[in-house]
Amino acid sequence: MTAERLSTQLLKSFSPLDGLKRDNLAALAGKVQIRELSPQQILFKEGDSEKRTVYVVSGTLELLDQDAVTETVEGGTESARNPVSPNYPRRVTARARDRVQYISIDSDLLDVMLTWDQTGSYEVSELHGSDDVGGDDWMTMLLQTKAFHKIPPANIQAIFMRMQQINYKAGDVVLKQGAEGDYFYVLTRGKCLVTRETPLNKDGIKLAELNVGDTFGEEALISDAKRNATVTMQTDGSVMRLGKDDFKRLLNEPMLDWVDTAAAEKIIAEGGMWLDVRLPSEFENHHQPGAINIPLYFIRLKINTLDPDKQYVLCCDTGRRSSAGAYILSERGFQAYVLKGGISNGSR
Ligand SMILES: Nc1ncnc2c1ncn2[C@@H]1O[C@@H]2COP(=O)(O)O[C@H]2[C@H]1O
């Protein structure tokens, strides 16, 4: 199979992509490629449940029920404007008759893009005002993160409608270490610096630089703790912010996969791993057999030591710190579960 970059013009020839706004179409074109099948090659099989929306660009695709061809889809015709057999699990098998070019889009991504296109972007572009230079790129970035795919479209609409834009000048402090958590933020214009003050370094050590589309301020909200770092604007810029209650209800809860002890142990038995986010002293006192320990504060720094193909069950004493850890992991595409009630209640 070869892959080729797509033009928005081609995407517009498919339904319902033809209804997407220009920016969103361009963002989608950057994500999707033209692929190829050789004659007789199978695209998907009856019963497959992988959620991908497929369009035929050229060539002829045969749809088979059992072994009999019941329909064909030929690139460039009216019937090829629509997704091929868009039901899951698939009701037919799709096989190339000749050389077929097609595109395949993650159906969840498409769903959130269509929802956003029809709901949030209008209000948000109004809020942006005339000094906006970043456009809606931040939204595309946010919507494309794997974590966002878990959020029901109705929540996405509500999130975008409830967000408030705030503008800052270079040097302004957006949030301060030690303060109570009140908002969750998405950086929509400019750059920020994340620093942490330590007893030995009052000026703060630099933890990270944030760019458009990056999010911050979630940890204090999820774990009901104080802000663990200070975020300062490095340039003039803007953020969109969402209040704590809205963040928890609309964004955080749907992203978390809570499991009880029995379900957690099943995941571990099938190759998963306990990831304990308490402090080393708490961990040494008692922990799950085979668990690894990465205190919540270090999870971002040590994330590259984790295996993206492994499933992790995060645990702490109550479920608070572990849910903050699971949020960070799932934002980065990891499959992370949270032990409900924590190890003090949940197991042993
Ligand atoms: N190492 C880091 N890299 C990027 N962002 C961080 C890092 N540490 C903390 N933050 C962010 O800084 C925020 C400070 O407020 P919170 O504790 O609510 O949430 C924190 C995170 O969103």
Side-chain angles (χ1 to χ4, degrees), residues 138 141-142 145-148 151 159 162-164 166 168 170-235 237-253 255-256 275 277-280 293-306 308 314 316 318-334 336 338:
W138 64 274
M141 287 166 149
L142 206 60
T145 55
K146 276 196 187 155
F148 236 81
I151 298 170
I159 289 167
R162 282 161 201 254
M163 278 181 148
Q164 246 183 326
I166 313 280
Y168 290 103
D172 285 352
V173 171
V174 182
L175 57 84
K176 182 119 187 82
Q177 183 174 344
E180 296 294 333
D182 42 8
Y183 292 98
F184 163 76
Y185 297 86
V186 184
L187 183 59
T188 58
R189 189 169 59 94
K191 279 181 185 297
C192 289
L193 198 61
V194 185
T195 52
R196 183 172 297 153
E197 201 179 294
T198 66
L200 292 179
N201 194 334
K202 288 287 172 205
D203 292 335
I205 42 172
K206 177 177 157 183
L207 293 175
E209 237 180 56
L210 304 179
N211 294 300
V212 171
D214 286 338
T215 60
F216 58 95
E218 74 293 350
E219 282 178 62
L221 308 190
I222 302 173
S223 51
D224 284 322
K226 304 261 198 262
R227 298 291 192 193
N228 66 29
T230 295
V231 178
T232 312
M233 293 305 299
Q234 276 185 303
T235 63
S238 310
V239 299
M240 296 293 277
R241 67 178 196 188
L242 185 68
K244 178 174 179 170
D245 293 343
D246 286 335
F247 167 77
K248 283 192 128 172
R249 184 170 56 88
L250 298 169
L251 218 160
N252 182 222
E253 271 310 319
M255 262 173 69
L256 296 178
L275 171 49
V277 297
R278 296 172 304 155
L279 295 170
N293 179 217
I294 305 181
L296 182 60
Y297 266 32
F298 294 115
I299 213 153
R300 290 168 195 271
L301 301 175
K302 296 224 171 159
I303 216 155
N304 54 1
T305 63
L306 299 176
L314 279 82
C316 65
T318 59
R320 257 200 210 106
R321 282 178 285 176
S322 44
S323 55
Y327 181 92
I328 295 171
L329 288 191
S330 50
E331 234 186 0
R332 285 157 181 75
F334 282 84
V338 194

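As the structure lists them, so they are numbered: ligands from 1, and atoms in each ligand from 1. All of these numbers come straight from a predicted model, not from anything done at the bench. Residues take their numbers from the sequence shown, with the count starting at 1. The figures that follow rest on heavy atoms only: side chains count, while hydrogens, waters and symmetry mates do not.
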Which atom pairs, nitrogen or oxygen on both sides, join ligand 1 and the protein at under 3.5 angstrom?
residue	atom	partner	partner atom	Å
ligand 1	17 (O)	Asn228	N	2.9
ligand 1	17 (O)	Asn228	OD1	3.4
ligand 1	17 (O)	Asn228	ND2	3.4
ligand 1	18 (O)	Gly217	O	3.4
ligand 1	18 (O)	Glu219	N	3.4
ligand 1	18 (O)	Ala220	N	2.9
ligand 1	18 (O)	Arg227	NH1	2.7
ligand 1	19 (O)	Glu219	N	3.4
ligand 1	22 (O)	Gly217	N	2.8
ligand 1	22 (O)	Glu218	OE1	2.8
ligand 1	22 (O)	Glu218	OE2	3.4
ligand 1	22 (O)	Arg300	NH2	3.3

For this output row, return yes or no: ring centroids of Phe247 and Tyr185 closer than 6.0 angstrom.
no

In short, Gly319 meets Val338 closest at the heavy-atom pair O-CG1, 4.1 Å

Any chance the side chains of Thr215 and Glu331 put a donor and an acceptor closer than 3.5 Å?
-> yes

* Taking NZ, NE, NH1 and NH2 as the nitrogens, is one of them in Glu219 or Arg320 under 4.0 Å from a carboxylate oxygen of the other? -> no

Practice prompt. Output yes when Asp224 and Arg321 qualify as a salt bridge under the 4.0 Å nitrogen-oxygen rule, no when they do not.
Written response: no

Output yes when Glu197 and Arg227 qualify as a salt bridge under the 4.0 Å nitrogen-oxygen rule, no when they do not. no

